[in-house]
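So the structure is just underneath, and the comments pick up after that.
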Amino acid sequence: MDFSILHDPCATDDEHNRSELDSHGDTCVAGANTLLLYFTEHKVSVSPFIGEYSPLQNVPIATVATAWDDPRDGSTILLIINEALYFGDRMSHSLLCPNQMRDNGIIVNDCPNIYDSSSSHSIIIPGVGIDLPLYMRGTISYLDTRRPTDDELLKCERFELTSAAPWNPNFAPGTDWEDSFREVQAFATIKPFESITPPEFSQDLLSRFINSVRIQASEPTTTTPPVCHEADVITHAGDVCRELSALNATSRSTVVTNEELARRWFTGLESASRTLLVTTQEGMRFVEGDLERRLRTSKARLRFPTLNCVIYTDTLFAKCRSVRGYTCAQVFTDGRKFFRIFPMLKKSDAHHALTQFIQDVGIPRNCLVDRAPEERLGEWGRIISHYKIKLRTTEAHSPWQNRAEAGIRDIKKLVGRALRYSGAPVEFWCYAVEWAARITSLIAHDLPALKTRTPEEAVTGRTPDISEFAHYSWFEWVWYRDQASFPEPKICLGRWVGVAGDVGQAMTYWILT
């Protein structure tokens, strides 16, 4: 479908400069006031909910830009909307999903001043001091934005309103959080929940849904629930401009099909089909028409390997400060004896540990955490969105759902044994936990899931070499060569406290002198 020739004859010039907040919608929609940057690897087929109109085929998911002019000084910035349904000129204006923006850390104060005098009635991009004022059109709040020029696309500063991570509103973190929060409230007040009739079944509210479009998209090869979207879309029947009450997107497809892959790689259709089932296409992007602009090459997921498992994480706390000044450590595990531990000065440094884990091991597809804000919001949340990691949380009062809890107990036992047998001061626990995590990952435990292999190989897919850790026991006396000045001896005695993985080449150790 050629989206460049579809226009809305009912729209005015003012309507082409609006990005309306759609609190009833669950995904942003890109209209005429946006400039297409690139399409993602997904498309959706959209069919009318009531079946009276022809389906819209291959509606793409795209990343677009819209320009906002600061009324105070006339400066222009670009607002980037990722994971948006692209209708282009077919829609006179764009639609912004408040919760999709909030999921990216954007502050959306959508309550008008007439109802709340303390509300800023604006969209705030935290950390950079940008406050985008909202205006009113009847009862609808909107942001005054326009289609950027090619010159502005190259020179203006960019800010992301929504995350580039795949947006699935049915599995947004807020769903479980809201349910658990209400469970906590009910538990605190010792009042049972009352049965609440969902609004979609309330006859009194049906008339309020007329100006919405419902789009559902699901992977044809999976059984996951469909992705839902609701937004305003204009359709035409003859010369009459009508608003459609609902659309239904029934499928989602990737850019490269099995036929195309078979032709490009000179392989059979069956081999190409199997390949598409076990590989990803995270870097696939395409544009319509001539390639007039340079596509950005930043694809974080392609820089590090992807871990096809759930990674559980929690914080281990120590009663004493270590010799390196650490008070706690972030523990990562797959629940089957694979561990990585990163000591920290304070719990709020957990996002640094997550970055280190991604760089050292890889990007987990799923990450399960408890309800601590340090492991859901702020920098942690931005890293999760940047690397497109699906974040899950435990239920309220259910810490056992996080397998890192049991993993921390196992690590503590091993560290306690090492400190006791070696006679090392307890202040050296920070070295001991790093050592304990690595050797536990290198042991071929008697677990059926490991199939006689090591946890390290089960997670990374690489057969590990144990030379660095098998040479010595922890805190063992060792001889080492020092660059001493004459006549001091160059061969000295010290304690082996671990592998210095981030220093020098392989077989480099930390020695207590």
Side chain Ser385, main chain Arg382, donor-acceptor under 3.5 Å: no
Would you say the side-chain atoms of Trp474 pair up with the backbone N or O of Val497, donor to acceptor, closer than 3.5 Å? yes
Here the gap from Leu95 atom CG to Thr27 atom OG1, rounded to the nearest 0.5 Å, amounts to 11.0 Å
Apply side-chain hydrogen bond (donor to acceptor under 3.5 Å, both in side chains) to residues Glu427 and Ser322 and explain how you reach the verdict. CA-CA 4 Å; Glu427 290 80 9; Ser322 76; over 6 Å; no
Does one side chain, of Thr394 or Asn402, offer a donor that lies under 3.5 Å from an acceptor on the other? no
Min side-chain heavy-atom separation Val499-Trp510 under 4.5 Å: no
Tyr480 side, atom OH; Cys492 side, atom SG - distance, nearest 0.5 Å: 4.0 Å
Please check if the number of heavy atoms outside His471 that lie under 6.0 Å from its NE2 is greater than 12. no
Is a side-chain N or O of Asn104 found less than 3.5 angstrom from the main chain of Glu160, in a donor-acceptor match? yes
What distance do Ile358 atom CD1 and Leu354 atom CG have between them, rounded to the nearest 0.5 Å? 4.5 Å
Which distance, rounded to the nearest 0.5 Å, do you find between the CD1 of Ile443 and the CG of Asp446? 12.5 Å
Would you call Glu395 and Arg371 a salt bridge, taking side-chain N to carboxylate O under 4.0 Å as the test? no
Tell me whether Leu269 at atom CG has more than 12 heavy atoms from other residues, nucleotides or ligands lying less than 6.0 Å away. yes
Backbone N or O of Cys97 within a donor-acceptor pair of the Asp22 side chain at under 3.5 Å? no
Check: Ser398 side chain, Ala396 main-chain N or O, donor-acceptor pair, under 3.5 Å: yes
Which residue pairs pass the side chain to side chain donor-acceptor pair (under 3.5 Å) test when at least one of the two sits in residues 428-443, sequence neighbours left out? Arg324-Glu434
Under 3.5 Å, is there a donor-acceptor pair between the Thr145 and Ser19 side chains? yes
Only one of Val108, Asp110, Ile81 passes side chain to side chain contact (heavy atoms under 4.5 Å, CB included) with Leu96, and that residue is Ile81
Any pair with a residue in residues 355-377 that passes ring pair (Phe, Tyr, Trp, His ring centres under 6.0 Å), sequence neighbours left out, goes on the list, sorted by first then second residue, please. Phe332-Phe357
If I compare all heavy atoms of Trp380 with all of Arg376, which pair ends up nearest, and what's the gap? CD1-N, 3.8 Å
From Ile311 atom CD1 to Asp334 atom CG, the distance as rounded to the nearest 0.5 Å: 5.5 Å
Mark yes or no for whether Glu457, through its side chain, and Arg462, through its backbone, hold a donor-acceptor pair below 3.5 Å. no
Does the side chain of Asp150 reach to within under 4.5 Å of the side chain of Leu35, using non-hydrogen atoms? yes
Under the criterion salt bridge (charged side-chain N to carboxylate O under 4.0 Å, His left out), I'd like the reasoning laid out for Arg158 against Glu152: C-alpha separation, chi angles, the key distance, then a yes or no. CA-CA 10 Å; Arg158 302 184 179 199; Glu152 290 171 336; over 6 Å; no
Mind checking whether Asp314 and Val331 have side chains closer than 4.5 Å, heavy atoms only? no
Main-chain N/O of Gln330 paired with Thr315 side-chain donor or acceptor, under 3.5 Å: no
Could you tell me whether the side chain of Thr463 reaches within less than 4.5 Å of the side chain of Arg453, counting heavy atoms only? yes
At their closest point, which heavy atom of Glu374 faces which heavy atom of Ala350, and how far apart are they? O-CB, 4.3 Å
CD1 on Ile61 to OG1 on Thr40, rounded to 0.5 Å: 6.0 Å
